[in-house]
Amino acid sequence: MSAINDTKFNSAVFLLTGIPGQENIYLWISIPFCIMYIISIVGNSVILFIIKTDESLHEPMYIFLSMLAMTDLGLSLSTMPTILGIYLFNSREISLDACFAQLFFIHSLAKFESSVLLLMAFDRFIAICNPLRYASILTPPRIAKMGLVFVLRGAGTSFPYPFLLKRFRYCRVNVLSHSYCLHQEVMKFACLDITVNSIYGLSTLLLTMGLDLLLIFLSYVMILKTVLSIASHTECLRALNTCVSHLCAILLFYVPDIGLAVTHRFGNSSSHLLQMVLGYFYLLVPPLINPIVYSVKSKQLRERIIMAFVK
């Protein structure tokens, strides 16, 4: 009886999933992934370097952008080893401890990115609705404190995940539907009751990303109200144009995140392909597109980048 139980419980590894049925062309599939990671890492590193070295960019808007770039860089580095490991070396196995560590970093960084998007919305709200107090409200010490609070919030709410998962025994067939580990998926392979994990995961999601999204929405309601009260059509468009990059970042981050959360909690076996696509989009596309969008839309940043490369 003990032997039967041992075969049923406690696998030492999880198996990650690439693109099912395409194993013979994994090496070719790895090429676009490698290109995406190179662009993401180089793009976000360039933005960090330019903002750090150019004192004229030491303004709240660019400080928040550097936070976003650091977070995107962290997300890229968190998923890169397992995704490229699958497509370059067909290495699908990941130990429980490595899986738990990866999901901690992914969830912590994702929550912090959500917080940074909220801070950027607050920045736009102050700049448009209360421009005379902009410099006095968003001082460097205050920005640093807000950043520290949100880092601690992201890490603190994600810290219990590995411990909540570590207490379980897992069934032998532990094939994940992604190329990386997520709490909401890993907990489904536990052979015991996962009610505590499910409630805690949903609660922290709503109290962090859900709350952030609500506050971002309210910020833009106030921004829109202020902008529509501006008599000059040109000034109205100019004010809205300063929000375009941020709105793109919000859509790139929250749309796949919400879709992924819904498919994991309410989807069935037929939604596996959608889960896989949303999973890649959620963690790979924002770090790739954000530096491009901000570099194109911000004239000051674009000019500094061009000057740095021309020199």
Side-chain angles (χ1 to χ4, degrees), residues 14-44 68-69 71-94 98-99 101-114 117 158 174-189 201 205 209 248-293:
F14 286 111
L15 294 178
L16 302 169
T17 300
I19 300 177
Q22 305 299 323
E23 288 81 4
N24 58 324
I25 58 169
Y26 269 7
L27 197 58
W28 291 104
I29 295 174
S30 70
I31 295 174
F33 280 106
C34 287
I35 293 171
M36 289 173 71
Y37 276 120
I38 290 169
I39 294 173
S40 299
I41 292 169
V42 171
N44 286 294
L68 185 67
T71 311
D72 284 339
L73 201 56
L75 281 172
S76 294
L77 295 174
S78 295
T79 58
M80 184 171 63
T82 51
I83 291 179
L84 293 187
I86 290 172
Y87 293 111
L88 286 174
F89 309 109
N90 199 28
S91 175
R92 294 182 59 198
E93 291 189 356
I94 183 170
C99 183
Q102 185 184 48
L103 67 85
F104 165 74
F105 284 110
I106 288 175
H107 286 291
S108 297
L109 290 165
K111 287 173 183 175
F112 183 62
E113 177 143 348
S114 175
L117 292 174
S158 300
N174 297 330
V175 182
L176 304 177
S177 61
H178 297 295
S179 304
Y180 49 83
C181 297
L182 292 174
H183 171 258
Q184 61 265 36
E185 183 177 25
V186 172
M187 69 178 183
K188 291 180 180 179
F189 293 95
L205 183 69
M209 294 184 180
C248 288
I250 290 170
L251 291 173
L252 285 171
F253 180 78
Y254 281 109
V255 170
D257 179 39
I258 293 170
L260 196 60
V262 169
T263 55
H264 268 297
R265 294 186 184 279
F266 307 109
N268 50 38
S269 57
S270 63
S271 62
H272 172 71
L273 179 62
L274 180 60
Q275 282 184 14
M276 184 184 67
V277 172
L278 288 173
Y280 283 129
F281 195 97
Y282 168 53
L283 290 179
L284 296 183
V285 175
L288 174 72
I289 300 297
N290 284 341
I292 297 173
V293 170

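Note that the structure is a prediction, hence the values are computed from the model and not measured.
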Are the side chain of [X] and the backbone N or O of [Y] linked by a donor-acceptor pair below 3.5 Å?
{"X": "Asn290", "Y": "Pro286", "answer": "yes"}
{"X": "His107", "Y": "His183", "answer": "yes"}
{"X": "Gln184", "Y": "Ala261", "answer": "no"}

| field | Derivation of the side-chain contact (heavy atoms from CB on, under 4.5 Å) call for Tyr282 and Leu278 | value | CA-CA 6 Å; Tyr282 168 53; Leu278 288 173; 5.8 Å; no
| query | Given the rule in the side-chain contact (heavy atoms from CB on, under 4.5 Å) test, do Ile19 and Tyr87 qualify, once you have shown the distances and angles that lead to the verdict? | reply | CA-CA 9 Å; Ile19 300 177; Tyr87 293 111; 3.2 Å; yes
Quick one: [atom1] on [X] to [atom2] on [Y], what's the gap to the nearest 0.5 Å?
{"X": "Cys99", "Y": "Leu176", "atom1": "SG", "atom2": "CG", "value": "5.5 Å"}
{"X": "Ile289", "Y": "Ser40", "atom1": "CD1", "atom2": "OG", "value": "8.5 Å"}
{"X": "Asp257", "Y": "Ile250", "atom1": "CG", "atom2": "CD1", "value": "13.0 Å"}
{"X": "Met209", "Y": "Leu117", "atom1": "CE", "atom2": "CG", "value": "9.5 Å"}
{"X": "Met36", "Y": "Leu284", "atom1": "CE", "atom2": "CG", "value": "4.5 Å"}

| message | Gln102 vs Ser78, test: side chain to side chain donor-acceptor pair (under 3.5 Å). Steps then yes/no. | response | CA-CA 6 Å; Gln102 185 184 48; Ser78 295; over 6 Å; no
| Result of checking Leu88, Leu84, Ile38 against Phe33 for side chain to side chain contact (heavy atoms under 4.5 Å, CB included) |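 One option only clears the test, and that one is Leu84.
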| query | Run the side-chain contact (heavy atoms from CB on, under 4.5 Å) check on Leu16 and Glu93 step by step: do they pass? | reply | CA-CA 6 Å; Leu16 302 169; Glu93 291 189 356; over 6 Å; no
| message | Set out, in order, the CA-CA distance, both residues' side-chain angles and the distance that settles side chain to side chain donor-acceptor pair (under 3.5 Å) for Tyr280 and Ser179, then state yes or no. | response | CA-CA 8 Å; Tyr280 283 129; Ser179 304; 2.5 Å; yes
| said: Please determine whether the number of non-hydrogen atoms from other residues, nucleotides or ligands lying under 6.0 Å from atom CZ of Phe105 exceeds 12. | reply: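 For Phe105, atom CZ is not crowded (no more than 12 foreign heavy atoms under 6.0 Å).
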| query | side-chain contact (heavy atoms from CB on, under 4.5 Å) between Thr79 and Tyr37: does it pass, once the steps are laid out? | reply | CA-CA 10 Å; Thr79 58; Tyr37 276 120; 2.8 Å; yes
